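These numbers were taken from a predicted model, which means no experiment stands behind them. Atoms within a ligand are numbered from 1 in the order they appear, just like the ligands themselves. Starting from 1, each residue takes its place in the sequence as its number.
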Amino acid sequence: MTTHWILGPGAIGRLLAHSLAPFVDVAVVGRRALPARQVLTTLEGEVHVRYLNSLTAEKLVADTPEPPAFVHITTKAMAAEAALACIASVLPPSTPLVLWQNGFYSQPRITTAWPGPVLCATTTQGAYLTGDDGVVHAGRGLTFVGDLDNQHAGLAESLAALLSETGFTATAVGDIRSRLWQKLAVNAAINPLVALHSVRNGELRGDAYSGRVVVVVKEVAAILAKEGVVPPNGGEGETGWLALVWQVVENTANNKASMLQDVEAKRLTERGAILGPLIERAERHGLGCEVLKGLDQELAQVEVGF
Ligand code: PAF
């Protein structure tokens, strides 16, 4: 049986582990070992108990294991490189990595630094943790897989096929770079505002916030136009991005966005992976991005208190 290591046992990591476990050997690797007995509550409300091989990175390295077929990195964006560094000594340099992070920070950095193939995945699967031993699959979403330089289409196809067998609806794509930016655009418009104001996504539609969403999207649209990234589904420019953002706000009106959850748990946010790349690109293209910089600074201030 091939082995998949899952580095970072958060909600998506554990959903992935439960999904893959009937098909491949799975090792879940974290900073601390989780209980072996893990419970998945499915979308249909069924409860599945599985005994997963869960271990710390130190233990994994000390065990000098057989090389895995894939290493999935499912940590938060800003933790991905450090997590990889913890286990890199036992990985053949040709090991394929799969990056599941939000934003556009870890993906280009690890793609440049890692000698083997690096796939990126973006998913709208919804999941949340209910403690050290439980994960709930909360929403069926789509998953897209590809690599930034389009050099590993075959590998992306085989991973997408395996993921689809496990119940993920996964597709290999040649435009993962655009898809990551498209998700980042939506995250930039929603996450900082809801995190700073402690509101659920749907509240952005009200008078107190809707104008602020529009000004964020204006800056994001100008930056992405320079980057050659267009909104999905044939949308155009600022109007297209705004339509997409309002659609996601509508679909997730009741959600506490991931950045709000981070702030509530006093965890560092993913501002560096979401706002950071936008601000960096704006500066490169000589575009103003005062609104994005302001949000980034406000979040930085909040994080100081953690
Ligand atoms: O980060 C999140 O929570 C989600 O990507 C989104 C789309 C903002 C919905 O909550």
Side-chain angles (χ1 to χ4, degrees), residues 8 10-16 43 73-80 99-107 120-129 135-144 168-169 176 178-206 209-210 212-214 216-217 219-221 224 229 231-233 235 240-278 292 295-296 298-299 302-303:
I12 288 296
R14 278 195 246 168
L15 177 64
L16 193 58
L43 280 168
I73 307 185
T74 54
T75 61
K76 289 277 186 187
M78 309 311 283
L99 308 181
W100 290 80
Q101 282 67 42
N102 276 331
F104 199 75
Y105 176 80
S106 58
Q107 299 90 341
C120 304
T122 173
T123 187
T124 50
Q125 289 272 52
Y128 61 87
L129 299 177
V135 61
V136 176
H137 188 190
R140 195 186 303 287
L142 302 177
T143 301
F144 298 96
F168 274 58
T169 308
I176 196 73
S178 290
R179 288 174 188 271
L180 291 169
W181 278 108
Q182 286 163 349
K183 187 170 186 198
L184 180 153
V186 171
N187 284 152
I190 299 176
N191 275 328
L193 284 173
V194 295
L196 288 167
H197 298 282
S198 293
V199 294
R200 288 185 188 251
N201 296 353
E203 289 193 48
L204 294 180
R205 294 171 296 193
Y209 303 109
S210 61
R212 298 194 65 188
V213 173
V214 174
V216 173
V217 170
E219 285 191 357
V220 171
L224 293 187
V229 179
N233 309 324
W241 288 116
L242 205 49
L244 173 67
V245 168
W246 288 132
Q247 184 62 57
V248 176
V249 166
E250 195 65 36
N251 295 347
T252 63
N254 241 331
N255 274 26
K256 264 191 189 180
S258 53
M259 199 175 274
L260 173 55
Q261 293 181 40
D262 289 339
V263 167
E264 287 185 347
K266 298 198 186 309
R267 280 191 299 259
L268 294 183
T269 69
E270 293 191 309
R271 69 185 174 86
I274 294 171
L275 296 172
L278 284 167
L292 295 173
L295 290 170
D296 193 44
E298 277 184 75
L299 284 167
V302 172
E303 289 176 1

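Near Ala257, meaning under 4.0 Å from any of its heavy atoms, are these atoms of ligand 1: 3 (O), 10 (O). Interface of Asn255 with ligand 1, defined as ligand atoms under 4.0 Å from a residue heavy atom, comprises 9 (C), 10 (O).
Between Asn102 and ligand 1, no pair of N/O atoms sits closer than 3.5 Å. Residue-to-ligand polar distances keep Lys256 apart from ligand 1: every N/O pair is separated by 3.5 Å or more. Backbone and side-chain nitrogen or oxygen atoms of Lys183 are examined, and none is located within less than 3.5 angstrom of a nitrogen or oxygen of ligand 1. In terms of N/O distances under 3.5 Å, ligand 1 is approached by Ser258.
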(request) Apply side-chain contact (heavy atoms from CB on, under 4.5 Å) to the pair Asn102 and Lys183, showing each step before the final yes or no. (result) CA-CA 8 Å; Asn102 276 331; Lys183 187 170 186 198; 3.0 Å; yes
(message) One pair to check against side-chain contact (heavy atoms from CB on, under 4.5 Å): Asn191 and Glu270. What are the steps and the verdict?
(response) CA-CA 9 Å; Asn191 275 328; Glu270 293 191 309; over 6 Å; no
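Around the CZ atom of Arg140, the shell of radius 6.0 Å holds no more than 12 heavy atoms that belong to other residues, nucleotides or ligands. For OH of Tyr209, the number of neighbouring non-hydrogen atoms (other residues, nucleotides, ligands) closer than 6.0 Å is greater than 12.
Closest protein heavy atom to atom 5 (O) of ligand 1: Asn187 ND2, 2.8 Å. Distance from atom 10 (O) of ligand 1 to its nearest protein heavy atom, with residue and atom name: Asn201 ND2, 2.9 Å.
Contact annotation: for Val248 versus ligand 1, heavy atoms closer than 4.0 Å belong to the side chain alone.
Tested against Asn255, the residues Ile190, Val249, Asn201, Val248 include a single side chain to side chain contact (heavy atoms under 4.5 Å, CB included) partner, Asn201. Looking at Thr122, Ile176, Leu99 one by one, the single match for side chain to side chain contact (heavy atoms under 4.5 Å, CB included) with Gln107 turns out to be Leu99.
Leu184 places none of its side-chain heavy atoms less than 4.5 Å from the side chain of Tyr105.
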